[in-house]
2 protein chains.
Amino acid sequence: MAKKTHKSPEQARDAILDAAEQIVVQVGPAGLRISAVAKKAGMAHPNIIHHFGSREGLLNSLANRMGERATHRITEAIKTAVDAPAQGKAAAMTQVLDTAYPGDEGRAAVWMHLSGAESSLKENMQQIVELSHQLRKTVSEDADLEHTNRLVMLVTLALVGEVVSGQGIKEALGFAEDNRAHFRAWLAEILLNLPDDQLSTSLDINHSIPQNHK
Amino acid sequence: MAKKTHKSPEQARDAILDAAEQIVVQVGPAGLRISAVAKKAGMAHPNIIHHFGSREGLLNSLANRMGERATHRITEAIKTAVDAPAQGKAAAMTQVLDTAYPGDEGRAAVWMHLSGAESSLKENMQQIVELSHQLRKTVSEDADLEHTNRLVMLVTLALVGEVVSGQGIKEALGFAEDNRAHFRAWLAEILLNLPDDQLSTSLDINHSIPQNHK
DNA sequence: ATCAGTATTTACAGAACTGTCAACAAGGTT
DNA sequence: AACCTTGTTGACAGTTCTGTAAATACTGAT
């Protein structure tokens with residue numbers, strides 16, 4: 001009845017991915033039904049299999065698209081933070097944390113990761129570490145790369161944790177609604193003000209004397 | 001053929017929960033099939049429904065049991081850290097982080113949380129904050145409770161992040177296998193050595209002067 | 001020992017979902 | 001205009017899973 005205007009493969013795939021992303025954000029990857037995606041995208045469900053091969057193929061494509069978009073947002077935010085003047089560093093750093101995983105999208109990304117979806121995490125993370133190290137060097141020139149590594153890991157883990165459980169933990173700790181952004185700003189400033197020598201622990205001393213005597 | 005020795009309801013429930021926990025750790029809550037649980041527990045699947053009402057009831061019971069066990073472990077670890085002597089603080093603090101979410105169990109717990117399972121998070125978190133504040137006061141007596149709140153939030157989020165994505169991020173950053181525990185020790189020492197005044201940011205100053213002129 | 005209660009099982013009903021197949025339709029190409 | 005490629009669809013097959021129902025077996029109490 002309705003006109004079936006044939007879309008180009010790219011258009012069709014994008015429309016399907018848009019619909020799938022909305023659903024995954026709500027119900028998680030395991031709850032995604034291709035019939036629901038088809039309904040939201042306004043088509044019959046075999047069309048989705050035609051474009052993505054299978055339900056799993058759709059989930060992998062979606063995970064990749066979300067990962068690429070997130071990486072692009074994060075790297076752009078870090079770049080602007082690198083170029084920011086000294087008095088604007090804290091705000092720019094906060095911006096980095098804010099754009100890393102905006103809202104429910106990040107939650108869905110982590111969820112998909114748990115469910116085994118593929119994504120090009122490795123290359124992305126190394127790019128992020130490099131940029132972060134540039135950013136740290138704009139604050140203290142003798143910044144240690146190993147410390148940057150660990151700080152990036154800490155921030156990344158905290159961000160992952162926040163998008164997963166941030167809401168619940170915030171409520172459990174009695175934080176007000178707007179304190180979630182406040183927490184990110186607090187974390188950003190602390191990270192910037194951490195002197196590099198404070199990141200060297202006694203463990204590093206032990207670690208710098210490996211016991212290689214065979 | 002095999003003797004069907006009738007267990008007490010408690011024994012049966014425990015056996016089922018044990019089997020379910022092993023499976024959830026592997027495949028996540030969405031992938032849990034009560035037939036698989038029954039097979040691992042050595043019984044027929046309707047018996048599980050008889051004891052838990054439904055598949056969802058089983059998942060909720062499991063989430064509660066895991067949450068209670070984790071809370072117990074964490075609070076005990078913090079208590080010993082409170083009583084630890086000064087030179088043993090760092091090691092005790094590391095122990096707290098290590099016992100918080102041991103391995104795959106924590107991953108499953110977060111996964112279940114994402115899938116909407118109920119758990120008594122709120123009461124547990126407040127108890128943990130109180131103990132953590134006691135621990136901080138053994139290091140610096142004038143520790144601010146608000147800072148403890150934020151630190152607990154940071155650590156909790158980082159731990160959640162680690163159990164969820166720690167493996168992948170570690171690999172992406174090129175960390176060796178044993179550096180995962182190393183990261184926790186590093187974080188523990190940093191947390192203990194953070195002076196309280198360094199946790200006060202310019203935001204707190206702004207925040208203490210609210211703009212209420214209407 | 002008999003009986004009541006319930007833990008346990010076998011068989012089955014019902015629903016939901018993925019993927020297949022054949023047919024149709026739209027859009028560009030010759 | 002005829003045609004070919006392919007996006008699109010309706011109907012269907014097959015599988016898998018949850019929950020139900022009735023029968024059975026174990027255990028403790030009287």
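Because only heavy atoms are used, hydrogens play no part in the values below, and waters and symmetry mates are left out as well, while side chains stay in. Letters A, B, ... are given to chains in the order of the sequence lines, protein chains preceding strands, and every chain is numbered from 1.
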Look at the side chain of B:Arg136 and the backbone N and O of B:Asp144, then say whether any donor-acceptor pair between them is shorter than 3.5 Å.
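Looks like yes, one N/O pair under 3.5 Å.
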Let me have the donor-acceptor pairs involving side chains of residues 31-54 of chain A, under 3.5 Å, with sequence neighbours excluded, atom names and distances please.
residue: A:Arg33; atom: NH2; partner: A:Ala30; partner atom: O; Å: 3.2
residue: A:Lys40; atom: NZ; partner: A:Gln22; partner atom: OE1; Å: 3.4
residue: A:Ser54; atom: OG; partner: A:Glu56; partner atom: N; Å: 3.4
residue: A:Ser54; atom: OG; partner: A:Gly57; partner atom: N; Å: 3.2

Which of these passes side chain to side chain donor-acceptor pair (under 3.5 Å) with A:Thr148: A:Lys137, A:Gln134, A:His133?
A:His133
What residue pairs, at least two apart or across chains, pass salt bridge (Lys or Arg N to Asp or Glu O under 4.0 Å) with a residue in residues 10-24 of chain B?
B:Asp18-B:Arg65, B:Glu21-B:Arg65
Show your reasoning for whether side chain to side chain contact (heavy atoms under 4.5 Å, CB included) applies to A:Thr156 and A:Met125.
CA-CA 10 Å; A:Thr156 306; A:Met125 282 305 293; 3.8 Å; yes
Among the nucleotides [options], which one has an atom lying closest to any side-chain atom of [X]?
X: B:Ile49; options: C:dT18, C:dT8, D:dG19; result: D:dG19
X: B:Asn47; options: D:dT9, C:dT9, C:dA26; result: C:dT9
X: A:His6; options: C:dA26, D:dT20, D:dT27; result: C:dA26
X: A:Pro46; options: D:dT9, C:dT8, D:dG7; result: D:dT9

Is the distance from OP1 or OP2 of C:dA7 to the nearest side-chain N or O of B:His50 less than 4.0 Å?
yes
I'd like to check [X] versus [Y] (side-chain heavy atoms, cut-off strictly below 4.5 Å). Are they in contact?
X: B:Phe183; Y: A:Leu154; value: yes
X: A:Ile169; Y: A:Glu162; value: no
X: A:Arg150; Y: B:His182; value: yes
X: B:Leu187; Y: B:Thr94; value: no
X: B:Val163; Y: B:Leu159; value: no

Would you mind writing out the side-chain donor-acceptor pairs for residues 74-82 of chain A within the sub-3.5 Å range, not counting sequence neighbours?
residue: A:Thr75; atom: OG1; partner: A:Thr71; partner atom: O; Å: 2.9
residue: A:Thr75; atom: OG1; partner: A:His72; partner atom: O; Å: 3.0
residue: A:Thr80; atom: OG1; partner: A:Ala77; partner atom: O; Å: 2.8

Enumerate the residues from residues 29-44 of chain B whose closest heavy atom to DNA chain C is under 4.0 Å, giving them by residue number; use none for an empty result.
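Here the set is B:Met43, B:Ala44.
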With a 4.0 Å heavy-atom cut-off, tell me which residues in residues 51-58 of chain A come close to DNA chain C, sorted by residue number.
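Here the set is A:Ser54, A:Arg55.
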Taking atom P of C:dA7 as reference, at what distance in whole Å does atom NE2 of B:His45 sit?
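Rounded to whole Å, this separation is 17 Å.
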Atom-pair distance (CD1 on B:Ile48; P on D:dT18), nearest Å
9 Å
Give me the bend of the helix from C:dA1-D:dT30 to C:dT30-D:dA1, using the axes of the five pairs at each end, rounded to 10°.
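Axis angle across the helix from C:dA1-D:dT30 to C:dT30-D:dA1, nearest 10°: 0°.
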